[in-house]
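I have placed the structure first, in the form of structure tokens, so that the comments after it can refer back to it.
Both ligands and their constituent atoms are indexed starting at 1 by order of listing. The model shown is predicted, which means the values in this text are computed figures rather than measured ones.
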Amino acid sequence: MPAALRLQAMKILVIGGGGREHALVWRLAQERPAHTLFCAPGNAGTESLATNLPIAAEDVPALTAWAEQHRPDLTVAGPEAPLCAGVADAFEALGLRLFGPTRAAARMEGSKLFAKEIMMAAGVATARAESFADARQAAAALPRFQLPVVIKADGLAAGKGVSVCATRPEAEAAIREMLVDSVFGAAGARILIEEFLEGEEASILALTDGERIALLPSAQDHKRVGDDDTGPNTGGMGAYSPAPVVTPAVAEFVTARVIEPVVRELRRRGIVYRGVLYAGLMIGREGPKVLEFNCRFGDPETQAVLPRLDGDLSALLLACAEGRLDPGALRVRPEPCVTVVMASRGYPGHYLKGLPIGGLDAASRHAGTVVFHAGTARRDGAVVTAGGRVLAVTACAPDMRQAVERAYAAAAEIRFDGAHYRSDIARRAFARE
Ligand code: AMP
Ligand code: GLY
């Protein structure tokens with residue numbers, strides 16, 4: 001691609017309002033010449049770098065109407081909901097470039113059953129599973145699985161559709177909740193009963209234009225709310241990159257035996273996958289197996305991965321959207337990066353919003369540190385909490401230990417009532433040293 005083209009300033013819309021989207025906006029804002037950035041709806045962190053638009057990330061008709069009027073050169077979709085609802089298709093129909101898969105391709109996340117089918121057809125290693133729409137038949141199948149067993153809603157359930165069940169009665173209750181009580185609505189009208197996999201989890205995010213692929217640096221999320229992976233599941237309490245469990249051999253395996261075959265199998269079915277294909281992996285004794293796919297950047301993985309990318313992110317994303325990705329254009333810095341999520345009291349359960357946040361400027365002055373806003377808003381000029389996950393305090397350093405020290409030193413500067421965070425982010429990386 002001619003350099004002149006790559007350096008053109010663009011009008012870019014980022015869809016979403018969490019820590020991932022602040023990281024995207026922050027990264028795009030570093031490029032020169034400067035882009036004109038918009039974020040829908042954004043948060044109190046994106047507002048100094050982009051124009052926040054009062055449009056919800058899920059409101060595809062309003063996003064499309066705005067884009068038709070303002071003709072952004074590039075749109076980057078953060079969350080899965082608009083992608084699964086067809087925002088990429090709507091933008092394509094207007095001749096607009098959007099980074100993210102079409103509705104048909106986004107089913108890799110939107111339907112766990114579809115993802116299983118593709119994996120089976122493509123020969124990708126994953127947990128054995130059976131699918132059911134009838135609670136009695138599902139319960140009758142339980143003896144075919146060892147304990148613990150995993151019960152999953154087929155559709156999108158805001159990250160809550162997975163139950164790891166230690167006992168048969170627990171599994172029966174999870175089946176009933178989904179298939180009889182419909183706690184996840186239509187998303188739980190079909191379920192998967194799945195074999196429990198043991199090992200260490202890692203996230204591999206691959207950029208793809210539907211043909212070529214480029215792996216982003218590996219990362220590891222921390223899903224449980226408490227230290228040592230205790231307590232309930234959350235959207236993610238912190239992440240670090242690189243994840244040492246993703247050795248070069250694992251990365252090669254995932255490229256050749258997971259991402260490439262999936263993209264090829266989709267293409268064989270007439271589905272061109274353009275965007276990020278995120279493989280959630282369990283790396284155990286039998287090698288990496290896929291737990292799930294996501295059709296988007298991970299949150300909080302993105303906050304730890306994007307600070308490590310060199311070069312123009314916009315050029316990479318646009319190349320994916322236009323079907324001309326050059327995997328050699330992806331360049332990664334060696335410095336590791338850590339992000340620590342600060343959450344509201346009560347999260348992942350009920351929590352209050354609107355609490356004032358102090359110490360943000362002091363935290364941001366630490367070397368190598370950036371505080372991404374996740375659930376924040378501005379009220380009467382002050383930054384207040386507006387979500388369960390409030391901030392992602394992020395630091396890069398020459399080595400992982402220093403990055404961790406930096407992130408925690410910055411987090412210690414920040415105050416809001418009930419703030420809590422894990423104190424062991426990236427500890428697994430040290431354990432492998
Ligand atoms: P998912 O939404 O599929 O990523 O599931 C959420 C979390 O549940 C994963 O990050 C794992 O920690 C756990 N999980 C899902 N499927 C399995 C499985 N088959 N075996 C073990 N743990 C699983
Ligand atoms: N960090 C997990 C996710 O983005 O789904």
Side-chain angles (χ1 to χ4, degrees), residues 16 18-21 23-24 77-81 83-84 106 108-116 119 124-131 145-166 171 174 178 184 187-188 191-205 216 218-225 229-241 243 276-286 288-306 339 341 348 372 374 388-389 392 422 425 428:
R20 164 183 53 205
E21 288 77 19
L24 283 163
E80 63 278 13
L83 290 165
C84 290
M108 288 302 292
E109 175 165 2
S111 167
K112 291 185 154 73
L113 185 55
F114 177 74
K116 266 300 173 210
M119 284 191 272
V124 172
T126 182
R128 181 174 76 84
E130 296 183 37
S131 91
F145 291 83
Q146 291 187 335
L147 293 169
V149 63
V150 186
I151 313 292
K152 297 187 173 185
D154 174 46
L156 293 183
K160 299 195 175 84
V162 175
S163 279
V164 177
C165 304
M178 293 183 200
F184 301 121
I191 62 161
L192 291 178
I193 302 182
E194 191 169 287
E195 163 199 15
F196 178 81
L197 298 178
E198 274 177 282
E200 186 171 342
E201 283 185 61
S203 307
I204 299 239
L205 284 66
L216 291 169
S218 64
Q220 191 171 59
D221 189 4
H222 299 63
K223 296 210 163 143
R224 304 295 199 94
V225 74
D229 297 324
T230 54
N233 256 314
T234 68
M237 292 300 289
Y240 64 96
S241 172
V276 180
L277 183 60
Y278 163 145
L281 302 170
M282 188 66 89
I283 301 166
R285 245 177 294 159
E286 294 172 23
K289 293 190 179 180
V290 175
L291 290 176
E292 60 159 354
F293 283 105
N294 292 322
C295 66
R296 49 167 176 85
F297 286 108
D299 189 339
E301 288 94 329
T302 303
Q303 292 88 311
V305 165
L306 289 189
T339 189
V341 169
F372 294 123
R389 291 191 292 172
R422 279 180 63 156
I425 303 301
R428 278 229 179 76

For a distance cut-off of 3.5 Å, show me each N or O of ligand 2 paired with any protein N or O, plus the separation.
unit_1   : atom_1 : unit_2 : atom_2 : d
ligand 2 : 1 (N)  : D221   : OD2    : 2.7
ligand 2 : 1 (N)  : D299   : O      : 2.9
ligand 2 : 1 (N)  : E301   : OE1    : 2.8
ligand 2 : 1 (N)  : E301   : OE2    : 3.3
ligand 2 : 4 (O)  : R296   : NH1    : 2.9
ligand 2 : 4 (O)  : D299   : N      : 3.0
ligand 2 : 5 (O)  : N294   : ND2    : 3.3
ligand 2 : 5 (O)  : R296   : NH2    : 2.8

CA sep, side-chain torsions, deciding dist, call: Q146, F196, side chain to side chain contact (heavy atoms under 4.5 Å, CB included)
CA-CA 8 Å; Q146 291 187 335; F196 178 81; over 6 Å; no
Please work out whether any backbone atom (N, CA, C, O) or any side-chain heavy atom from C-beta onward of E201 is under 4.0 Å from ligand 1, and answer side chain, backbone, both or neither.
side chain
Which heavy atom of V225 sits nearest a heavy atom of G231, and at what distance?
CG1-CA, 4.1 Å
Any N or O of E195 closer than 3.5 Å to N or O of ligand 1:
yes
Nearest protein heavy-atom contact for atom 2 (O) of ligand 1: which residue, which atom, what distance?
E292 OE1, 3.2 Å
Under the 3.5 angstrom rule, does the side chain of Q220 hit a backbone N or O of E201 as a donor-acceptor pair?
yes
Kindly say whether G18 contributes a backbone atom to a donor-acceptor pair with the side chain of E21 at under 3.5 angstrom?
yes
of all protein heavy atoms, closest to atom 23 (C) of ligand 1 is L291 CD2, 3.8 Å
Under 4.0 Å from a heavy atom of K152: which atoms of ligand 1 are those, numbered in the order shown and with their elements?
3 (O), 15 (C), 16 (N)
Out of M282, K112, R224, E194, whose heavy atom is nearest to atom 19 (N) of ligand 1?
E194
Taking NZ, NE, NH1 and NH2 as the nitrogens, is one of them in D154 or K116 under 4.0 Å from a carboxylate oxygen of the other?
no
For K223, take its heavy atoms, then give the atoms of ligand 1 lying under 4.0 Å from any of them.
4 (O), 10 (O)
Can you give me the closest heavy-atom contact between F293 and A115, atom names plus distance?
CD1-CB, 4.4 Å
Step-by-step side chain to side chain contact (heavy atoms under 4.5 Å, CB included) determination, L281 to L291:
CA-CA 5 Å; L281 302 170; L291 290 176; over 6 Å; no
Using a 4.5 Å cut-off on heavy atoms from C-beta on, say whether the side chain of R428 contacts that of Y240.
yes
If you count the atoms of ligand 1 from 1 in the order shown, which ones are under 4.0 Å from a heavy atom of V150?
16 (N), 17 (C), 18 (C), 19 (N), 20 (N)
What is the nearest protein non-hydrogen atom to atom 20 (N) of ligand 1, stated with its residue, atom name and distance?
L197 N, 2.8 Å
Can you list the steps and then say if K289 with E194 is a salt bridge (charged side-chain N to carboxylate O under 4.0 Å, His left out)?
CA-CA 13 Å; K289 293 190 179 180; E194 191 169 287; over 6 Å; no
Should the proximity of V162 to ligand 1, defined as any heavy atom under 4.0 Å, be assigned to the side chain, the backbone, both, or neither?
side chain
Is there a heavy atom of E198 sitting under 4.0 angstrom from any atom of ligand 1?
no
One pair to check against side chain to side chain contact (heavy atoms under 4.5 Å, CB included): N294 and E109. What are the steps and the verdict?
CA-CA 5 Å; N294 292 322; E109 175 165 2; 3.2 Å; yes
Look at the side chain of S218 and the backbone N and O of A243, then say whether any donor-acceptor pair between them is shorter than 3.5 Å.
yes
